[in-house]
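Note that ligands are numbered from 1 as they come in the structure, with each ligand's atoms numbered from 1 the same way. Counting from 1, the numbers follow the sequence of the chain as shown.
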Amino acid sequence: MERRLFGTNGIRGVVNQDLTSEFVVKMGLAIGTFFNGGQLLIGCDGRTSSQLFKEAMISGLVSTGCSVHDVGCAPTPAIQFLTKHFELDGSVTITASHNPPEYNGIKVNSSDGIEIPREDEVKIEQNYFNETFRQVPWNLLGKVYERKHVLNIYLDAIKRHVDVGAIKKEHYRVVVDPGNGVGTITTPYLLRELGCEVITINSNLDGRFPSRLPEPALENLKDLASTVKAVKADMGVAHDGDADRSIFCDETGTLHWGDKSGAIIQRYILKTHPGATIVTPVSSSKLVEDIAERYGGKIVWTKVGSIIVSRKMLEVGSIFSYEENGGIFYAPHLPVRDGGISAALMLEIMAKTGKTLSQLVNELPKYYAVKAKIKCSNDLKPKVLDRLLEETSKYERLTLDGVKLFIDNGSILIRPSGTEPIFRVFSEAKTEAKAKSLSEFGMKLVRDLIKKSQ
Ligand code: MG
């Protein structure tokens, strides 16, 4: 079997179990060899192990003759933007995004700021396993430059893509919950510069994530919802650990999953760019199709994974994309998911339409969703998936990634996670009861197949 190190979004592992400093140095050699003495940006999230791994990565990279521009702690989308802005050959981010505190990881970006395509991941993996490293003599080692105070360049770029005057006029009150992640050093400042009164919670950078888990799942965002209500805010926004995802809370204290916020932005963009192509992974709600039909837009479905979405956007010239998990991709800024620009766009939509966030949500077609997961070892996943493909052939379905079944105006997506030993079962329907029954149907199907495959 082909040995893989990269998952859906880079390399991930538990610190000092799967991911040791020795491993990271060796990955630095493999990545540096791939970039062949180039100029690379590097940055990290605020995890307890991130500084350590950033230094280990720099050691490997510099040994191969690559020079490194170190921006320190920064959101993943800021690192991606700055890579392109400074016209560097690529970049490396030390982050485990939304994973629990004991994890860390490595993401690698090309010169365009987008994560490297799958075929380049394979080249780096080959360098790693074959140990074919470009280790240069002492006088050709790379240099390390500290790049301080660069986050304002990223924030200024976001501001250029929204109507700052229109947002400023509204003096919105916004609660920001970066969940002790790196969004704490960008989003509150961005929104203040947009004239908002910003109230923060969980907004000290802390790699132990003492307040909530870095995953902005709705059950982790109760404090955000209650704070929005308590301070009578117009909006709340929460990020994952590396601030490339945004989950919104409306002014009534109701949290909305990424499908809804994505659909609001999709509708706004289709009104100004009729006929635009929207790229979206199979994990998205049928809402994306409803909005495209109503406002005139073309949908291109992809496998799940922000890298695949970003690369597909470039290929088909798509202006916008979103993922159900709160990832918003806005190509005029950069076709990568970006928690900062999502918050700014949402405020612009509220300002331009004069509507509250709950009004914007209520205008959308209604779907009820149930998200479930079931444990399944990574070894067993391919066998279970094969059987699933056999068992579901009678349904209308998409088989791009896992299986998405369309049943009774609803859908069930069953797919193995790329980062965890689980199968995810996402169901949606026009009524809550139907969504629950589809979820139970999907869970039973997978549970039985896992049993049969053992
Ligand atoms: Mg993330």
Nearest N/O/S atom of [X] with respect to the Mg ion (ligand 1), by atom name, please.
{"X": "Asp242", "answer": "OD1"}
{"X": "Asp240", "answer": "OD2"}
{"X": "Asp244", "answer": "OD1"}

Is there an N/O/S atom in Ser97 at a distance below 2.8 Å from the Mg ion (ligand 1)? yes

Do you know which two heavy atoms are closest between [X] and [Y], and how far apart they sit?
{"X": "Ser110", "Y": "Ile116", "value": "OG-CG2, 3.4 Å"}
{"X": "Phe423", "Y": "Leu385", "value": "CZ-N, 4.2 Å"}
{"X": "Cys44", "Y": "Gln51", "value": "SG-OE1, 4.2 Å"}

Only one of Val24, Ile106, Asn127 clears side-chain contact (heavy atoms from CB on, under 4.5 Å) with Ile31; which? Ile106

